[in-house]
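Inspection log for the structure reproduced underneath, given as structure tokens.
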Amino acid sequence: QVQLVESGGGLVQAGGSLRLSCAASGRTFSNYIMGWFRQAPGKEREFVAAIGRSGGSTYYADSVKGRFTISRDSAKNTVYLQMNSLKPEDTAVYYCAVTVRGWGLRIVESYDYWGQGTQVTVSS
């Protein structure tokens, strides 16, 4: 079992920045590929970013590429999502998740454990 706790969400104006954190506990952090997803009201949960076990490989949705950066700190068992140049369409609940699979990283069903989510609201 893996427990994930997100933090760092909030209200920000368009063009602003936020950094989300996701602290993992329960099993060896380095075994997992970590991902961030988001879900806006009335929409399906969608992939945002993922990072490989060593942190050397990163993957982004086209909608956030160049604005968001995913990183991980193995010493702290934490994954981060730095979000810059935020837009109103980034408003959503953001979830972190873990998977041991090395494929299908953009797919919700590939992930085994999820956090409770943190709300990000971007005002125009």
Side-chain angles (χ1 to χ4, degrees):
Q1 192 76 7
V2 177
Q3 292 80 42
L4 303 171
V5 179
E6 300 101 332
S7 61
L11 174 64
V12 64
Q13 288 189 330
S17 298
L18 283 174
R19 188 176 81 155
L20 306 184
S21 300
C22 174
S25 61
R27 289 197 177 175
T28 305
F29 182 68
S30 60
N31 288 346
Y32 293 103
I33 295 169
M34 306 294 295
W36 285 98
F37 287 74
R38 66 187 182 187
Q39 188 166 17
K43 295 189 176 181
E44 293 188 351
R45 193 168 298 190
E46 65 175 5
F47 171 78
V48 175
I51 187 166
R53 296 178 180 87
S54 66
S57 299
T58 56
Y59 311 86
Y60 296 95
D62 288 343
S63 59
V64 306
K65 199 173 295 183
R67 300 188 297 123
F68 291 10
T69 302
I70 188 171
S71 61
R72 64 191 295 164
D73 184 336
S74 295
K76 297 182 178 179
N77 285 1
T78 300
V79 63
Y80 303 98
L81 186 67
Q82 177 67 44
M83 306 186 296
N84 298 329
S85 302
L86 283 161
K87 304 175 182 180
E89 51 263 44
D90 295 318
T91 295
V93 177
Y94 283 70
Y95 299 89
C96 73
V98 302
T99 178
V100 296
R101 298 172 181 83
W103 50 268
L105 299 182
R106 300 172 186 268
I107 302 171
V108 169
E109 290 78 10
S110 294
Y111 289 79
D112 303 296
Y113 299 99
W114 293 82
Q116 82 290 348
T118 184
Q119 177 70 48
V120 171
T121 303
V122 184
S123 63
S124 57

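This is a predicted model, so every value here is computed, not measured.
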From the list Glu44, Glu6, Glu46, salt bridge (Lys or Arg N to Asp or Glu O under 4.0 Å) with Arg38 holds only for Glu46

Euclidean distance, Ser74 OG relative to Phe29 CZ, rounded to 0.5 Å: 5.5 Å

Interatomic distance, Tyr113 atom OH to Thr99 atom OG1 [nearest 0.5 angstrom]: 10.5 Å

Exercise answer: donor-acceptor pairs, residues 51-59 side-chain atoms, under 3.5 Å, sequence neighbours excluded:
residue: Arg53; atom: NE; partner: Asn31; partner atom: O; Å: 2.9
residue: Arg53; atom: NH2; partner: Val100; partner atom: O; Å: 2.7
residue: Ser54; atom: OG; partner: Gly56; partner atom: N; Å: 3.3

Salt bridge (Lys or Arg N to Asp or Glu O under 4.0 Å) contacts in which one or both residues fall within residues 98-111, not counting sequence neighbours: Arg101-Asp112

OG on Ser30 to CZ on Arg72, rounded to 0.5 Å: 7.5 Å

So which heavy atom on Ala50 is nearest to which on Tyr111, and how close? CB-OH, 3.8 Å

Using a 3.5 Å distance criterion without hydrogens, assess whether the side chain of Tyr94 forms a donor-acceptor pair with backbone atoms of Gly8. no

So if you build clusters from Ile, Leu, Val, Met, Phe, Trp, Tyr with side-chain heavy-atom gaps below 4.5 Å, do Met34 and Phe68 land together? yes

To the nearest 0.5 Å, what is the distance between OG (Ser85) and CZ (Arg67)? 7.0 Å

Same cluster or not: are Tyr60 and Val48 linked, directly or through other Ile, Leu, Val, Met, Phe, Trp or Tyr residues, by side-chain heavy atoms under 4.5 angstrom apart? yes

Hydrophobic clusters here meaning ILVMFWY residues chained together by side-chain heavy-atom distances under 4.5 Å, can you tell me if Val98 and Phe47 are in one? no

What I want to check is whether the side chains of Asn84 and Ser17 have a donor and an acceptor closer together than 3.5 Å. yes

Is it true that a side-chain atom of Thr91 and a backbone atom of Glu89 form a donor plus acceptor pair closer than 3.5 Å? no

Whether Lys65 and Asp62 form a salt bridge (side-chain N of Lys/Arg under 4.0 Å from carboxylate O of Asp/Glu) is what I want to check. yes

Is there a donor-acceptor pair closer than 3.5 Å between any side-chain N or O of Thr118 and the backbone N or O of Gly9? yes

Looking only at non-hydrogen atoms, find the nearest pair between Gln116 and Leu4 and report the distance. OE1-O, 3.5 Å

Spatial distance of atom CG (Asp90) from atom OG1 (Thr121) [nearest 0.5 Å]: 11.0 Å

Grouping I, L, V, M, F, W and Y whenever their side-chain heavy atoms are under 4.5 Å apart, do Ile70 and Val2 come out in a common cluster? yes

Is any side-chain heavy atom of Leu105 less than 4.5 Å from a side-chain heavy atom of Ile33? yes

Who pairs with Asn77 by side-chain hydrogen bond (donor to acceptor under 3.5 Å, both in side chains), at least two apart in sequence or on another chain? none

Any donor-acceptor N/O pair, Ser124 side chain to Pro88 backbone, under 3.5 Å: no

Given the rule that I, L, V, M, F, W and Y join up when any side-chain heavy atoms are under 4.5 Å apart, are Leu18 and Val64 in one cluster? yes

When every non-hydrogen atom of Trp36 is compared with those of Ser21, the smallest separation belongs to CH2-O, 3.8 Å

is_close_aromatic(Trp114, Phe37), centroid dist under 6.0 Å: yes

Should Leu81 and Thr69 count as side-chain neighbours, where that means a heavy-atom distance under 4.5 Å? no

